[in-house]
Amino acid sequence: MADLTGKVALITGASRGQGAAEARLFVERGARVVVADVLDDDAATLVADLGTDRALAVHLDVSDPDQWAAALASAQRAFGQVDVLVNNAGIYFQAPIEETPVDRYRRLIEVNQVGVFLGMQTLAPYMAEIGGGSIVNIVSVSSFAPLDLTAAYASTKSALLALSKAAVGELGPHGIRVNMIHPGGVATEMGAPGGVVPTAYDEAPLRRIGQPREIATVAAFLASDDSSYCSGAEILVDGGWTVGTRNPWRDA
Ligand SMILES: NC(=O)c1ccc[n+]([C@@H]2O[C@H](COP(=O)([O-])OP(=O)(O)OC[C@H]3O[C@@H](n4cnc5c(N)ncnc54)[C@H](O)[C@@H]3O)[C@@H](O)[C@H]2O)c1
């Protein structure tokens, strides 16, 4: 079990879904967390639950460089350090290419791709100064196995994959590890809107959708010193979805 005692983690998009599960688990494992999100009320509720000595809510739109600088300053004021960054915030959109408004696509790029770039640009120099850190980027199986109707979303995740890999060599000499998680379907507002789980998961190798805590446990491992020699790792957390293709001849 990954021990996070003494760590301070800034988690983006932590008000709900996977980010909230990561915040909860990280606190259980001994960390203090910065719950950074645009959903201020949800962030405040979560922080009240986790305890204000262990958690801090910060308003952060990841696409805004000034808000990143302010978030780091708030985290330092509250907890004295930040040694883990989980770039989890993301938005989703699906539609045929010809029905995808370009402004919608541009916002996906701003949040899913530029947002992570800004996070690393803001935190990396600071982490280098304190002797290192761990960056965990929540990418997606969409980055390498995109579903149809997801051209806009999947292409931002593909860019995020390249961005994460480019950072590995650049930040490694400063003691900063950069690792990636590729979730498959996860039961959050994004993966199962309104709590509705598509029946296609009944055919998946594990026959179910994933739960947010099942991503959080992997994020905790990558944040912890248990993964001290991991940088550039890509961990598939998709219940076998992208590998376990059903043999079409099985029941033929
Ligand atoms: N749920 C899935 O099936 C799935 C699969 C693969 C990858 N992912 C990725 O996992 C991550 C977490 O998604 P989730 O499933 O928890 O979805 P979610 O919609 O439940 O949570 C996303 C969080 O990001 C926040 N957010 C959105 N825009 C933001 C911005 N500009 N600045 C800061 N925060 C912002 C939202 O307010 C929300 O709290 C995302 O990066 C997503 O792309 C999800």
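None of the values given here were measured: they were computed from a predicted structure. All heavy atoms count here, side chains included; hydrogens, waters and symmetry mates do not. One-based numbering, in listed order, for ligands and for the atoms of each.
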Task: Taking atom 35 (C) of ligand 1 as the reference point, the nearest protein heavy atom with its distance - done: A89 CB, 3.7 Å

- [ ] Measure the distances from the heavy atoms of P212 to every atom of ligand 1 and state whether one is below 4.0 angstrom.
- [x] no

TODO: Would you mind finding which of N88, V186, N87, D238 brings a heavy atom closest to atom 3 (O) of ligand 1?
DONE: V186

Task: ligand 1 versus K157: contacting region, heavy-atom distance under 4.0 Å - done: side chain

Task: Nearest neighbour in protein (non-hydrogen) for atom 21 (O) of ligand 1 - done: R16 NE, 3.7 Å

Open item on the list: For atom 31 (N) of ligand 1, what's the nearest protein heavy-atom neighbour? Residue, atom name and distance, please.
Closed with: D61 OD1, 3.0 Å

Task: Region of R107 engaging ligand 1 - heavy atom pairs below 4.0 Å - done: side chain

Open item on the list: Tell me whether V243 shares a hydrophobic cluster with I235, the cluster being built from Ile, Leu, Val, Met, Phe, Trp, Tyr side chains joined at under 4.5 Å.
Closed with: no

Scan the side chains in residues 28-48 for donor-acceptor partners under 3.5 Å anywhere in the protein, sequence neighbours excluded, and list what turns up.
from	atom 1	to	atom 2	distance (Å)
E28	OE1	R213	NH2	2.8
E28	OE2	R213	NH1	3.3
D37	OD1	L39	N	3.0
D37	OD2	A14	N	3.2
D37	OD2	S15	N	3.0
D37	OD2	S15	OG	3.4
D40	OD1	H59	ND1	2.8
D40	OD2	H59	ND1	3.0
T45	OG1	D41	O	2.9

- [ ] Select one of side chain, backbone, both or neither to describe which atoms of Y153 lie under 4.0 Å from any atom of ligand 1, heavy atoms only.
- [x] side chain

Task: Over 12 foreign heavy atoms within 6.0 Å of CD, E170 - done: no

Open item on the list: Membership question, hydrophobic clusters at under 4.5 Å side-chain separation (ILVMFWY): are L161 and L171 in the same one?
Closed with: yes

Open item on the list: Using a 4.0 Å cutoff against the non-hydrogen atoms of V111, which atoms of ligand 1 qualify?
Closed with: 28 (N), 31 (N)

Task: Interatomic distance, K157 atom NZ to L108 atom CG [nearest 0.5 angstrom] - done: 9.5 Å

Open item on the list: Test your reading of the model: is there a side-chain donor-acceptor pair from N179 to the backbone of G232, 3.5 Å cut-off?
Closed with: yes

Task: Whether S227 side chain and L222 backbone form a donor-acceptor pair below 3.5 Å - done: yes

Task: Nitrogen or oxygen of G185 less than 3.5 angstrom from that of ligand 1 - done: no

- [ ] Return yes if some donor-acceptor pair links the side-chain N/O of D238 with the main-chain N/O of P183 below 3.5 Å, else return no.
- [x] no

- [ ] Please write down residue, atom name and distance for the protein heavy atom closest to atom 23 (C) of ligand 1.
- [x] G13 O, 3.6 Å

Open item on the list: Taking a cutoff of less than 4.0 Å between a non-hydrogen atom of the residue and any ligand atom, is T12 in contact with ligand 1?
Closed with: no

- [ ] If you have a sec, work out which protein heavy atom is nearest atom 5 (C) of ligand 1 and how many Å separate them, to one decimal?
- [x] G184 O, 3.0 Å

TODO: Just let me know how I91 lines up against ligand 1, side chain, backbone, both or neither, with a heavy-atom cut-off below 4.0 Å.
DONE: side chain

- [ ] Give the residue and atom name of whichever protein heavy atom lies nearest to atom 39 (O) of ligand 1, and the separation in Å to one decimal.
- [x] D37 OD2, 2.6 Å

Task: Aromatic plane relationship, Y201 with W241 - under 30° parallel, 30 to 60° tilted, over 60° perpendicular - done: tilted

- [ ] Kindly compute the distance separating CG (D225) from CG (D83), expressed to the nearest 0.5 Å.
- [x] 9.0 Å

Task: Atoms of ligand 1 close to G17 [distance to a heavy atom under 4.0 angstrom, numbered from 1] - done: 16 (O), 20 (O)

- [ ] Give yes if a backbone or side-chain nitrogen or oxygen of T188 is under 3.5 Å from a nitrogen or oxygen of ligand 1, and no if not.
- [x] yes

Open item on the list: Just to be sure I read this right, does ligand 1 sit under 4.0 Å from the backbone of V139, its side chain, both, or neither, counting only heavy atoms?
Closed with: backbone

Open item on the list: Check this for me: does any side-chain nitrogen of one of D61 and R107 sit under 4.0 Å from a carboxylate oxygen of the other?
Closed with: yes

TODO: Note the single closest protein heavy atom to atom 32 (N) of ligand 1, along with its residue, its atom name and the distance in Å.
DONE: V62 N, 3.0 Å

Task: Distance in Å, Q211 CD paired with T217 OG1, rounded so as to fall on 0.5 Å steps - done: 11.5 Å

Open item on the list: If the cut-off is 4.0 Å to any non-hydrogen atom of L39, which atoms of ligand 1 fall inside it?
Closed with: 37 (O), 39 (O)

- [ ] Starting from atom 16 (O) of ligand 1, find the nearest protein heavy-atom neighbour and note its residue, name and distance.
- [x] Q18 N, 2.9 Å

Task: Shared hydrophobic cluster for I91 and I181 (ILVMFWY, side-chain gaps under 4.5 Å) - done: no

TODO: Examine S140 against ligand 1 and note whether any of their N/O atoms are separated by less than 3.5 Å.
DONE: no

Task: G90 neighbourhood, listing ligand 1 atoms whose heavy-atom distance to it stays under 4.0 Å - done: 22 (C), 24 (O), 27 (C), 40 (C), 41 (O)

Task: From CG (L72) to OG1 (T122), nearest 0.5 Å - done: 7.5 Å

Task: For L60, atoms of ligand 1 separated by under 4.0 Å from a heavy atom - done: 32 (N), 33 (C)

